[in-house]
Novice: 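First, the structure itself, so that you have it in front of you.
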Amino acid sequence: MKIARFSRLGFILAAVGSAVGLGNIWKFPYIAGENGGGAFVLIYLVTVLLIGFSILIAEMIIGYKGRKDGISCFESLAPKHKNIWKFAGFQSITGLFIMSFYSVVIGWIFNYIVTSTTSLPSSVQEAEATFTTMLHSDISTQLFYHTLTFLLITFILTKGIKGGIQRLNFILMPTLVIILLGMFAYALTLDAFSQSLEFMFAPKWEKINSGVFITAIGHAFFTLSLGMGAILTYSASMPKNSNLVQNALWITFLDTLIAIVAGLMLFTFLYEYGSSPTKGPGLVFISLPTVFYEMGIIGNFFAVLFFIALAFAGLTSAVSLVEPMIEYFINRFKWSRLKASIYMGLFFYSLGIAALLSNTDAYKELLSFGSKNLFDWIDFFTASVMLPLAGLIMALFVGFAVEKKRVESVVKHQFGALAFSIWYFSLRYITPVAMILLLLSLLEII
Ligand code: PHE
């Protein structure tokens with residue numbers, strides 16, 4: 001079967017589209033806020049470069065050399081031990097689990113786009129009440145928008161790599177960048193911009209502890225879309241003779257840049273209008289709408305634009321969460337794309353309904369297990385356990401199981417000899433040790 005491939009730019013846009021998601025615009029600012037700003041940002045930048053970038057290249061090599069779905073790639077690159085390594089390919093299923101709650105959050109964002117056109121909360125109390133009412137008791141609104149997300153994503157995926165994913169990214173990504181830059185330009189004109197700069201870049205070392213490192217490493221993974229087959233699957237459709245190292249640099253650079261721009265902009269708005277950056281996950285849904293209200297009429301305009309940008313970031317990541325399993329069923333079971341898309345869609349849709357209900361007063365008891373409800377369990381288990389575990393496995397796979405010659409043949413000339421040795425060493429030793437420490441530290445938290 002001939003695979004429809006990305007174009008060169010199409011690949012970069014799609015991979016950046018996958019990487020730039022709710023993680024950059026919603027999660028990064030609030031975890032930076034919670035962890036004291038500057039020092040956290042610095043540690044995050046270092047971990048993205050040292051660990052994230054190493055694994056990004058490894059994951060790209062697996063897809064690029066394997067040219068198929070996740071499981072087949074692992075099999076074909078380690079033919080002697082394929083029955084063991086094929087299990088590494090099952091990381092693709094993580095995407096469907098992430099997608100179950102990701103789709104619910106995209107649904108909230110759609111809801112916020114609609115409501116922001118007419119009304120914005122005038123106080124934090126009001127904003128908090130609006131958000132928690134939606135979350136805890138408004139099942140029908142959440143279900144409506146979750147269904148819309150499911151239909152939209154499934155439809156795009158039925159159109160395939162070129163006609164669906166690539167086209168979506170060609171439209172949404174530039175629009176997202178324009179919106180963010182426009183709002184960033186406005187933030188630059190405000191007095192609070194310097195306060196925001198200081199918060200993001202002046203390190204407060206006293207805030208640093210091992211927990212901050214764990215959060216930074218975990219986020220480096222999530223934000224680069226590593227460890228669930230997304231980059232791997234996209235790389236399997238990369239055009240021949242692509243420069244993997246250059247592509248990985250672009251992805252890392254743009255993903256980081258967008259997180260920093262979004263962070264600087266949000267903190268400027270929050271400081272300018274008397275709020276603070278340490279509000280946790282509600283930052284975007286609670287603090288920010290109040291700030292937009294304070295801005296007056298331009299605030300409504302900004303609010304709608306901001307939530308559109310957030311939705312776009314979410315949608316381009318969402319397709320990459322589901323595509324790996326679609327490829328798997330198409331390749332291994334000869335399903336049609338239509339059938340695979342619908343079945344995978346229904347899977348995340350149904351699980352998403354359960355996740356959504358687990359946040360509501362009516363069902364939370366039924367759908368909570370131990371310390372967390374289903375929604376939080378899926379989030380925690382995928383982002384904190386599954387992604388780093390898959391990262392560890394991929395580092396060991398490319399570092400030790402795939403012949404060095406093969407790895408060299410793809411990336412050595414792209415890296416240059418010295419950079420290649422540094423990367424290879426980091427992949428074999430530094431990255432696995434960091435991942436193992438991360439996973440061990442999680443045992444304490446659970
Ligand atoms: N990178 C995306 C974000 O930052 C999330 C994601 C994780 C997407 C894993 C695909 C795979 O929101």
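Indexing begins at 1, ligand by ligand and atom by atom, following the structure's order.
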Novice: How far is atom 1 (N) of ligand 1 from its nearest protein heavy atom, and which residue and atom is that?
Specialist: Phe222 O, 2.8 Å

Novice: Should the proximity of Met228 to ligand 1, defined as any heavy atom under 4.0 Å, be assigned to the side chain, the backbone, both, or neither?
Specialist: side chain

Novice: So if I apply the side-chain contact (heavy atoms from CB on, under 4.5 Å) rule between Tyr145 and each of Ile109, Leu356, Asn111, Ile113, which one comes out positive?
Specialist: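 Only one option passes, and that is Asn111.
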
Novice: Under 3.5 Å, is there a donor-acceptor pair between the side chain of Gln91 and the main chain of Leu387?
Specialist: no

Novice: Which option wins on minimum heavy-atom distance to atom 2 (C) of ligand 1: Gly23, Ser18, Gly17?
Specialist: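 It is Ser18 whose heavy atom sits nearest to atom 2 (C) of ligand 1.
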
Novice: Does even one non-hydrogen atom of Tyr102 get within less than 4.0 Å of ligand 1?
Specialist: yes

Novice: Which bit of Ala19 gets closer than 4.0 Å to ligand 1, counting heavy atoms only: side chain, backbone, both or neither?
Specialist: backbone

Novice: Using a 3.5 Å cut-off on N or O atoms only, is Ser320 in polar contact with ligand 1?
Specialist: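 Not met; the criterion fails.
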
Novice: Got an N/O contact under 3.5 Å between Leu22 and ligand 1?
Specialist: yes

Novice: What is the nearest protein non-hydrogen atom to atom 6 (C) of ligand 1, stated with its residue, atom name and distance?
Specialist: Ser225 OG, 3.7 Å

Novice: Which residue in the set Val410, Leu56, Leu249 passes side-chain contact (heavy atoms from CB on, under 4.5 Å) when paired with Leu244?
Specialist: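 The option that passes is Val410.
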
Novice: Quickly, which of Ile61, Asn243, Val398 forms a side-chain contact (heavy atoms from CB on, under 4.5 Å) with Val411? Name it, please.
Specialist: Ile61

Novice: Between the side chain of Thr233 and the main-chain N/O of Gly229, is any donor-acceptor distance below 3.5 Å?
Specialist: yes

Novice: Among Arg332, Lys65, Lys68, which residue meets the salt bridge (Lys or Arg N to Asp or Glu O under 4.0 Å) test with Glu75?
Specialist: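 Only match with Glu75 under salt bridge (Lys or Arg N to Asp or Glu O under 4.0 Å): Arg332.
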
